[in-house]
> 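My structure is below; once you've seen it, I'll send some questions.
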Amino acid sequence: LQKILHVIAETPVWITKQTNKFFPSAKLSGEITPEHLGVGYIIGPRIAGVLVAGGVLSWLVLIPLLSSIVPADTIAIQLAKLGYLADITKDGGKGGWNAATHTFNDYSAAIYYAFIRQIGAGAVAAGGIITLIKTVPTIVKSIKGSVSSMKNNAAGGSNGILRTERDLSLKIVGLGSLALVALIAVLPQVPGDSILQKILIGILVLIFGALFVTVSSRIVGLIGSSNNPISGMTIATVMGTSLIFIAVGWTGETYEPLVLVVGGMICIAAANAGATSQDLKSGYIVGATPRNQQIALFVGAIVSSIVIGITIKYLDKPNSEMIAQGINHAIGTEKYPAPQATLMATLIKGILSFNLDWQYVFVGVFVAVVMELCGIRSLSFAVGAYLPLSTTLPIAIGGAIKGLVDRRKKKENIPTGPEEDELGKGSLFATGLVAGGAVAGVVIAFIVGSDSGEKLLKSISMEESISS
């Protein structure tokens, strides 16, 4: 009904006019998608509520406030500085700038891209670092446990180890790490002007990977995957790598892709580490051999990376309309906005080019600090403040439904527990919504990716007939 027939708007929007004296340029929107509703049900009302609270602050507090006190020309100049507007003398850009009348078609969008995104980036960076600081005891415990385990294995040898406790040899891990550095150094797809630059990338991947893979695996085992601060680890990696580059004199646009490679690899490694930890736990329960599981995970990681790479490359192809506008990559546009990737790019560009608007970033930093002082998870709130409200609102609705279900169970004295929450009918249905919505989205994207598929969808769309 949404993506194909267009009977319902993909993102229903309610917005007030800029001329409204009481509540100017406020926007309330929501993507009615099953995957967002499912995610909200899975994470529950508490986290979902914190997420949407960040969105409410951005779209119903800060944007109306800034639209009242910041002149349109100032917003346009800021958009031009960030690259969202070619020139203030030309029409277009985010928010639909009109150079003749010096007004925007959509003030909320213009302010979001000019100011709110940088405030949100500062909040997410601070929230990620705060989350990491709070897990320092877990990090120290993880490293000590890993070192102790290595010493015990070395002292006991492999003969006395039970089958259910037999892992891959550390020699294989060491050789694999060296092979990874060598592969990064020789692959032409990896950015870098020299072998030395690529080797440094490989070494940074090993250093940050050894730290955050251990941390991620341990955190999942101790407090669960939902509390695994992967965003915080990725932000710390990106900022740490950027500072190392500045220290050796590598600044400017040339080195931005190198930082992104390190951050992307660590993000994937940390996510895989948490999933691997859970797989090994499941294997331990059923009596599996960890070594065999690890080999299977290697195969799975290689196969999935190839499939995902092909899928991403296909989705990144611009359609005929984008090509006419001079757009060469679909990912990063309004069609596939990739907000987290944009956040990383904003931080990297700002740090390496020394042009980050720190005044807005520090506003976000102290928003995160205030949330922590109030006893609220700052990272969840910060992510909500950075993302469009259209994304977090349906997640909040899913969380509210979960809250109503839990309240009813409590009222009827139905026993609940962690296992019931994960394996109950509601959670399984929500998981199906997420998986089904994701698969359907990929299928539709593949159809739209070809000219014939795009024409087919336009021919069956009911948008024009309904609107006329």
Side-chain angles (χ1 to χ4, degrees), residues 1-3 7-14 28-60 127 131 219-231 271 274-275 277-279 281-282 285 339-340 371 374-442:
L1 292 175
Q2 279 185 299
K3 305 287 185 180
V7 175
I8 305 171
E10 291 189 23
T11 308
V13 176
W14 174 81
L28 186 66
S29 58
E31 295 180 28
I32 309 172
T33 54
E35 55 266 38
H36 287 159
L37 292 171
V39 167
Y41 189 95
I42 291 168
I43 65 177
R46 172 69 178 172
I47 299 176
V50 172
L51 268 173
V52 78
V56 168
L57 175 68
S58 292
W59 292 89
L60 300 179
T131 305
I219 286 176
V220 167
L222 293 172
I223 55 179
S225 58
S226 60
N227 297 306
N228 194 8
I230 294 174
S231 295
S277 181
Q278 290 192 321
D279 288 343
K281 175 190 172 183
S282 300
I285 292 171
Q340 287 183 313
M371 290 302 106
C374 292
I376 297 170
R377 290 184 180 181
S378 58
L379 185 56
S380 299
F381 187 90
V383 169
Y386 178 81
L387 292 174
L389 186 60
S390 59
T391 300
T392 56
L393 187 58
I395 292 175
I397 294 171
I401 294 171
K402 179 65 164 61
L404 292 173
V405 171
D406 289 344
R407 185 177 179 182
R408 183 182 174 187
K409 285 182 178 179
K410 188 176 181 181
K411 200 172 183 180
E412 296 178 1
N413 294 322
I414 298 174
T416 58
E419 292 185 4
E420 176 63 26
D421 280 343
E422 292 181 7
L423 302 175
K425 293 179 180 179
S427 296
L428 293 176
F429 182 76
T431 303
L433 287 177
V434 175
V439 171
V442 171

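The figures that follow rest on heavy atoms only: side chains count, while hydrogens, waters and symmetry mates do not.
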> Which heavy atom in Trp59 sits nearest to a heavy atom in Leu387, and how many Å separate them?
NE1-O, 3.6 Å
> Which heavy atom of Ala385 sits nearest a heavy atom of Ser58, and at what distance?
O-OG, 2.8 Å
> Quick one, Lys410 with Asp406, criterion salt bridge (Lys or Arg N to Asp or Glu O under 4.0 Å). Give me CA distance, side-chain angles, the key distance, then yes/no.
CA-CA 6 Å; Lys410 188 176 181 181; Asp406 289 344; over 6 Å; no
> Between Ser29 (side chain) and Val13 (backbone), is there a donor-acceptor pair under 3.5 Å?
no
> Between Lys402 and Gly44, which heavy-atom pair has the shortest distance, and what is it?
CG-CA, 4.1 Å
> Any side-chain heavy atom of Leu433 within less than 4.5 Å of one from Tyr41?
no
> Work out which heavy atom in Pro394 is nearest to a heavy atom in Gly30; give both atom names and the distance.
CD-CA, 4.3 Å
> In chain order, what residues pass the side chain to side chain donor-acceptor pair (under 3.5 Å) check against Ser380, with sequence neighbours excluded?
none
> At what distance, to the nearest 0.5 angstrom, does CG of Leu389 lie from CD1 of Ile395?
10.5 Å
> Show every donor-acceptor pair shorter than 3.5 Å between a side-chain atom in residues 45-54 and any protein atom, with sequence neighbours excluded, or say none if there are none.
none

> Can you list everything that forms a side-chain contact (heavy atoms from CB on, under 4.5 Å) with Val439? Sequence neighbours excluded, please.
Val443
> Can you tell me how far apart CZ (Phe381) and OG1 (Thr392) are? Round to the nearest 0.5 Å.
10.5 Å
> Apply side-chain contact (heavy atoms from CB on, under 4.5 Å) to Ile42 and list each qualifying residue two or more places apart in sequence or on a separate chain.
Ala430, Thr431, Val434
